[in-house]
Structure formats: C-alpha cells, structure tokens
There are 2 protein chains.
Amino acid sequence: MTTAEDQSSRGNDTKRRLEVAALATIREEGIARVSARNVASRAGCNQASIYYHFGSLHELLTAASLRSTEVRVATYRQRLATVDSLRELVALAGEMHAEERELGNVTVLAQMLAGGQTDEDLREPTAAALQLWITEVEATLRRLLADTPLEGLIDVHGFARTVSAAFIGIELMEGISGPNEPSPLDTLEQLVDLMETLLELGGVGGAALRWQMGRVRRSGGER
Amino acid sequence: MTTAEDQSSRGNDTKRRLEVAALATIREEGIARVSARNVASRAGCNQASIYYHFGSLHELLTAASLRSTEVRVATYRQRLATVDSLRELVALAGEMHAEERELGNVTVLAQMLAGGQTDEDLREPTAAALQLWITEVEATLRRLLADTPLEGLIDVHGFARTVSAAFIGIELMEGISGPNEPSPLDTLEQLVDLMETLLELGGVGGAALRWQMGRVRRSGGER
DNA sequence: GTCTATAGCTGGATAGAC
DNA sequence: GTCTATCCAGCTATAGAC
C-alpha cells in the first residue's frame, strides 16, 4: 500500500537526488551547462520534477548550494577551532584544497560566483553561501590575531573576505593549470611560514619588531 | 569601385567588430550567454560571419581574449616598470581594479577561467591570456625582491601565480558584493603596508630581523 | 509525485544566393 | 564577405494523463 509517509519520503528522495545532481552538474560541466534536462537526467528522473519540487531551476540551485555549503562548513568548523597559528590555518587550507578535488564545494561556489556576475537570480544565493565560509574564516582569524601585535592593525572582516576571495581564485586557477605548475597554495605556505617566524621573534629583535608595529599602529590612519 | 584592398579592409572591420562584440558579451552577459547569434547581433552583422572569419565561436573567443589581453598588458608593462615597492604595486593594483570596472579585461578572464574549468576548448586560450599577466607580475616581483632579505626565500614564479589568482578571485567577489562591504583590495593594502614597514626596519631591530630571515632561509627546505 | 506531450524559443553549424 | 534559409538539437515552462 502507499501511505502518505511513503509518498512524502519518496518525494524527498527525488528532491534530494535533484539537489545532488544539480551540484554534480555544476561541478563537472560548469554553470553554463546546467539545465533542467541535464540535471534531471543525472538524477534519473523527469525534467518536470524540478518545477514541481522547486518551482524553477534557480531555486533548485539556491537550495542545493546552501545545503551543501552548510554541511561542508559545519565539518570545517570543528577543524578550524583546533587551529592555533596562521601556519596551521594554511595547512588546513591545503587539506581543504585536496578534499575539494573530490567534493568540490568551492568549485561549485566559484562557478556560481562567475555566473552571479551577470545573472541576477544567482547573486543572492551565491552571496549567502559565500557568507557561510567567510563567517568561519573571520572567526578563526579573529581568534588567531587576538593578543598578537597584529590585533587592531588589520580589518579582520575585510581580511576574511580577501582570504576567501583569494582561495576561490586559486581553486579556479588550479582548474586550468598544467600538471607542472607550482600550486599557488604552496607559495602561500612559504609566505605565511615566513610571517609566522617573524612574529615569533623573541629577544631584542622581537622587541624592536613590536615597537615598530606600535609605530605603524599609531600612524595607521593617514596614508 | 571595389578593389581587393577595400574588400580586405571591410573584412577586417567586421572581424574586429566581432572580437569587440565577443568581449563585450562575455563581460556584460557572462560566458554562459555567449552565443554566435548574440555576439553577431552586438557586432551588427550576421551570425554566419563568425564561422566565415573564425571557423567557430571558440576560435573567436581565443582571438579576442588574446588580442585584448596583449593590449591591456602592454599598457601596464610601462606602469609596472615604474613601481618601486610592494606598496606601490598594491596601489597600482587598485588603479587597475578601478579601470577594470570600465574596461573589464580581468572580468573577461575570470569568466573564461570559470568556463575553462569544464570546457576543454576554452582552457588553452584562457591559460595563454593569463600567462601574459603572470609574466609581467613575475618580472615586477622579481625586480622588487632583488637585493632584499626576501630574495631566495620565495618562489617568485609561484608567488606571481598566487597573486594573479588572488586578484581574479577578488574581482569576482567584488562583482557580487553589496555596496557596504569593504573592498578586499583595501585589506590587502593594509597588509602590504605593514609588511613594507617591517622590511624597512633599520637599526638593531632590522639587524635582528635580517638575522632571523637568514635562519628561515637556512632551514627553509624542511618543514 | 512522476510521467508524456507540447509550445515556443534559442542554440551551433552549414549550404548556397548574391 | 555578407546575407538568407535551413536542419536539428537543446532549452524553459506548462498542461494534463496516470
């Protein structure tokens, strides 16, 4: 027999398969080739189901990107909480990057970001999904920079946005790089390594450094 | 009368109008909406001309992006040559960003980069156009870092790629940002300002800094 | 809830008139 | 060199059978 619950669960199943299929299509074929037919055939159902369940293709993309980003961010929230230095943060970024090749949430965001430049309906869901990442990055940065000479010298909110934007740009560039090019993340690792080492300076050098930073702070307003 | 030269010049005119129209379409409507019909109507000519002049839409995009990037890079080559510090480099990036709103070469590259993730035919022309930028950035960075403590500590080629990738990510993020968000470039300016100030350290502090950097250099291989 | 069928577009690409 | 005409594939969105 077919109860209301069976129907509802079967309906949810198709609905979720459509979300999964939508993300896979963006990731593997690019935002330009996301169409109702294409996504539906991946989900193994009919095109019309998209309009039944979501009303439009855009609403499907909105739902799918938000849900998957939420899941992805939640798993990283724990890991971000254990990070204790910029060095570890970049190392975590490296792990993330490796997992990206498989799961591709950032890849999806990059595609939506590109699409959102000119597609009004894509803008809001993209901004919302991005904000989920930015919020986590910002919280981590704020924690790391607290009680360091850098605190107060840097606009952490803006910095978190810059870091997120850079990460997306790096993901995009990796996507078309030949196999022999150095990974942009490795370079970043070098830089942060350097920065950290400088900040860990002890003794006379460290004192001089912190004094100089105080000078920067005091004259920070006028450039 | 109609001489062979007249014909050739009229042909070139249409050909170039098509290139201009292709770029405008990518910039204003996004890579997803670039179609032969769409571009041709912008150029004020018939769709079939694209296949006559370029053979395919992809070849039109290849030609257009390379030509426009060459022009754009050439104008910046001069300005990059006058840059004397990281601070000035970031300031120039700010100017570039402002001009981008009007001319949009980086916007075009960002769109092609997004498209190139999944479209084989777009990959090569995108990589070629990007390489034009990366080459200039790399030359400038190499010049700036020469004779500083950073020389030899950083993989300049990789760094130039990272910087370029980050710039593109930033352009993309600006494209969907609300008006009240801080520009990621401003944050970058803060950071580089800080870095420069540190590198300009004189006296005891500077000596300690350079000593520490030497230590980083010597242990640079094993992390 | 899921399907088929359909309307009405837009797409790439080519053939052939001029 | 540029046009019209054309083929056929794919698209969104809806109507309506089951």
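Note on naming: letters A, B, ... go to the chains in the order of the sequence lines (proteins, then strands), and numbering restarts at 1 for each one. Side chains included, hydrogens not; waters and symmetry mates left out as well; all remaining heavy atoms used.
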- Item | Contacts of B:Ser177 that satisfy side chain to side chain donor-acceptor pair (under 3.5 Å) - sequence neighbours left out |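 For B:Ser177 the side chain to side chain donor-acceptor pair (under 3.5 Å) partners, ignoring immediate neighbours, are A:Arg161.
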Rounding to a whole Å, what distance do you find between [X]:[atom1] and [N]:[atom2]?
| X | N | atom1 | atom2 | value |
| --- | --- | --- | --- | --- |
| B:Phe54 | D:dT2 | CZ | C1' | 14 Å |
| A:Arg33 | C:dG11 | CZ | C1' | 13 Å |
| A:Ile50 | D:dC11 | CD1 | P | 11 Å |

- State which of D:dC3, C:dC3, C:dG1 makes the closest approach to the side chain of A:Ser49.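 For A:Ser49, the side-chain atoms sit closest to C:dC3.
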- Which one, D:dC3, D:dG1, C:dG1, comes nearest to the side chain of A:His53?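 Looking only at side-chain atoms, A:His53 lies closest to C:dG1.
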- Task: Output every pair passing salt bridge (Lys or Arg N to Asp or Glu O under 4.0 Å) with a member in residues 41-57 of chain A, not counting sequence neighbours, ordered by first then second residue.
- Result: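 Listed by first then second residue: A:Glu28-A:Arg42, A:Glu29-A:Arg42.
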- All pairs passing salt bridge (Lys or Arg N to Asp or Glu O under 4.0 Å) where residues 136-148 of chain B contributes a residue, at least two apart: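 Sorted result for residues 136-148 of chain B: B:Arg77-B:Glu136, B:Asp84-B:Arg143, B:Glu138-B:Arg142.
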- Message: Check this one for me: any side-chain N or O of B:Tyr52 less than 4.0 Å away from OP1 or OP2 of D:dT2?
- Response: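 No, outside the criterion.
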- Message: The criterion is side chain to side chain contact (heavy atoms under 4.5 Å, CB included); which residues satisfy it with A:Arg27, sequence neighbours excluded?
- Response: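 Expected list: A:Leu23, A:Ala24, A:Thr107, A:Val108.
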- Item | Footprint string (nucleotides 12-18 of chain C, 5' to 3'): B base within contact, S backbone only, - free, heavy atoms under 4.0 Å | BBB----
- Query: Counting distance only, does the side-chain N/O of B:Gln47 pair as donor-acceptor with the main-chain N or O of B:Ala36 below 3.5 Å?
  - Reply: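 No; zero donor-acceptor contacts below 3.5 Å.
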- Contacts of type ring pair (Phe, Tyr, Trp, His ring centres under 6.0 Å), residue B:Tyr76, not counting sequence neighbours: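 Applying ring pair (Phe, Tyr, Trp, His ring centres under 6.0 Å) to B:Tyr76 gives B:Trp133.
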